[in-house]
Amino acid sequence: MVDLKELLILKDKLIKSKDFKEPCDYFLGHFAGQPEFMRMGEPVDGEFMRPIVVELGNALLKRRPGEVRLMMTEIAEYHFLHGACLIDGKPANLMYFRDIDMGILSLLHEDAQGVVMARFSCVYKPPQPPRALH
């Protein structure tokens, strides 16, 4: 049985860990391998994450990715989104906590010999209305 309160431990690891592998390993060990967990939550449109994933892909790949595909699920009670990504055909995993505006992306390295990771924070900035010219 999945104990969703363990998402609070994951959040703490995401905030405090110096080694980005630690929260990723915790997620994989406690959640990702459990079919029950993978059925929890609601699918969400992850398009708001696209510009972030593009910038992370740019930093990790050292070039701007041409294609980004996102499949995200949200567990609203814990403000937690997770999902799979394809960045130029390379598999990636994404975790993000809305309430602290922090997440982590892990991406299969270009040479397929390892994984590169990036922790990120973001702030949503609503579009500004056009200014009237006088």
Side-chain angles (χ1 to χ4, degrees):
M1 183 171 159
V2 176
D3 182 1
L4 288 179
K5 289 183 181 165
E6 290 188 29
L7 286 172
L8 300 175
I9 297 169
L10 175 64
K11 184 189 297 187
D12 189 62
K13 289 182 181 298
L14 177 65
I15 294 168
K16 295 178 180 174
S17 292
K18 303 278 187 231
D19 180 357
F20 299 162
K21 192 173 181 303
E22 187 178 351
C24 290
D25 285 350
Y26 190 85
F27 178 78
L28 292 172
H30 288 82
F31 300 107
Q34 297 188 37
E36 177 187 354
F37 175 77
M38 299 311 281
R39 289 188 298 270
M40 292 178 169
E42 297 293 324
V44 293
D45 176 7
E47 285 304 305
F48 74 98
M49 294 296 293
R50 180 175 302 281
I52 297 160
V53 172
V54 168
E55 288 306 315
L56 291 169
N58 187 37
L60 294 172
L61 297 172
K62 312 247 187 300
R63 62 177 172 75
R64 194 144 190 91
E67 178 188 29
V68 171
R69 292 186 184 185
L70 300 166
M71 295 176 294
M72 305 289 297
T73 299
E74 181 172 22
I75 299 176
E77 178 182 354
Y78 288 88
H79 314 282
F80 180 67
L81 285 94
H82 66 96
C85 308
L86 285 175
I87 301 173
D88 283 349
K90 292 172 184 39
N93 290 309
L94 179 66
M95 295 181 284
Y96 177 71
F97 285 93
R98 284 185 191 262
D99 58 337
I100 60 170
D101 292 317
M102 185 178 283
I104 196 162
L105 177 89
S106 58
L107 171 67
L108 186 64
H109 195 272
E110 290 269 56
D111 61 11
Q113 297 299 311
V115 174
V116 290
M117 298 174 195
R119 180 171 52 194
F120 63 94
S121 295
C122 57
V123 176
Y124 174 72
K125 184 178 177 183
Q128 298 294 314
R131 294 183 4 206
L133 299 175
H134 297 283

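Note that the structure is predicted; figures quoted are calculated from it, not measured. Counting from 1, the numbers follow the sequence of the chain as shown.
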With rounding to the nearest 0.5 angstrom, report the CG to NE2 distance, Asp25 to His30.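 Result: 11.0 Å between the selected atoms.
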Does Cys122 reach the side chain of Tyr96, with side-chain heavy atoms less than 4.5 Å apart?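 In contact.
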Glu36 atom CD, neighbour heavy-atom count above 12 within 6.0 Å: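 It does: Glu36 CD has more than 12 such atoms within range.
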Is any side-chain heavy atom of Leu105 closer than 4.5 Å to one of Leu60?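 Contact flag for Leu60/Leu105 side chains = yes.
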Going through the checks in order, is the side-chain contact (heavy atoms from CB on, under 4.5 Å) test met by Glu6 and Phe31? CA-CA 9 Å; Glu6 290 188 29; Phe31 300 107; 3.6 Å; yes
So, do Phe20 and Val115 sit near enough that their side-chain heavy atoms are less than 4.5 Å apart?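 Side chain of Phe20 against side chain of Val115, heavy atoms only: no contact under 4.5 Å found.
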His82 side chain reached by Glu74 side chain, heavy atoms, under 4.5 Å: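 Answer no - side chains too far apart.
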Give a yes or no on whether Met49 and Leu10 share a hydrophobic cluster (residues Ile, Leu, Val, Met, Phe, Trp, Tyr; joining criterion: side-chain heavy atoms under 4.5 Å apart).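 No; Leu10 is not reachable from Met49 via cluster members.
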Fit a plane to each ring of Phe27 and Phe37, take the angle between them on a 0 to 90° scale, and name the class: parallel (under 30°), tilted (30 to 60°) or perpendicular (over 60°).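 Ring orientation of Phe27 relative to Phe37: perpendicular.
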Value rounded to 0.5 Å, distance of CG in Asp12 from CD in Glu22: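 The CG atom of Asp12 sits 9.0 Å away from the CD atom of Glu22.
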Hey, any chance Phe120 and Tyr26 share a hydrophobic cluster, counting ILVMFWY side chains that come within less than 4.5 Å of each other, even indirectly?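 No; Tyr26 is not reachable from Phe120 via cluster members.
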Test your reading of the model: is there a side-chain donor-acceptor pair from Arg98 to the backbone of Leu81, 3.5 Å cut-off?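 Checking the backbone N and O of Leu81 against the side chain of Arg98, no donor-acceptor pair under 3.5 Å is found.
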When clusters are formed by joining ILVMFWY residues with side-chain heavy atoms under 4.5 Å apart, either directly or through shared neighbours, do Val44 and Tyr78 land in the same one?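 Per the 4.5 Å side-chain linkage, Val44 and Tyr78 are not co-clustered.
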When you group the ILVMFWY residues by side-chain heavy-atom contacts below 4.5 Å and let the links chain together, are Phe48 and Met102 in the same group?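 In one cluster with Met102: Phe48, no.
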Measure from the side-chain N and O atoms of Arg50 to the backbone N and O of Val68, and report whether any donor-acceptor pair falls under 3.5 Å.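 Present.
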Thr73 OG1 to Met40 CE distance, which is reported to the nearest 0.5 Å: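 If we round to the nearest 0.5 Å, Thr73:OG1 and Met40:CE are 12.0 Å apart.
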Is the backbone N or O of Ser106 less than 3.5 Å from a side-chain atom of Asn93, with the two atoms forming a donor-acceptor pair by type?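 Judged by distance alone, no pair lies under 3.5 Å.
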Using the rule that two of Ile, Leu, Val, Met, Phe, Trp, Tyr join whenever any of their side-chain heavy atoms come within less than 4.5 Å, decide whether Val54 and Met71 are in one cluster.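 Result: no, two separate clusters.
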Would you give the length of the straight line joining atom CG of Leu56 to atom CE of Met117, rounded to the nearest 0.5 angstrom?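 Rounded to the nearest 0.5 Å, the CG-CE separation comes to 13.5 Å.
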Stepwise side-chain contact (heavy atoms from CB on, under 4.5 Å) check, Leu86 with Glu67: CA-CA 8 Å; Leu86 285 175; Glu67 178 188 29; 5.9 Å; no
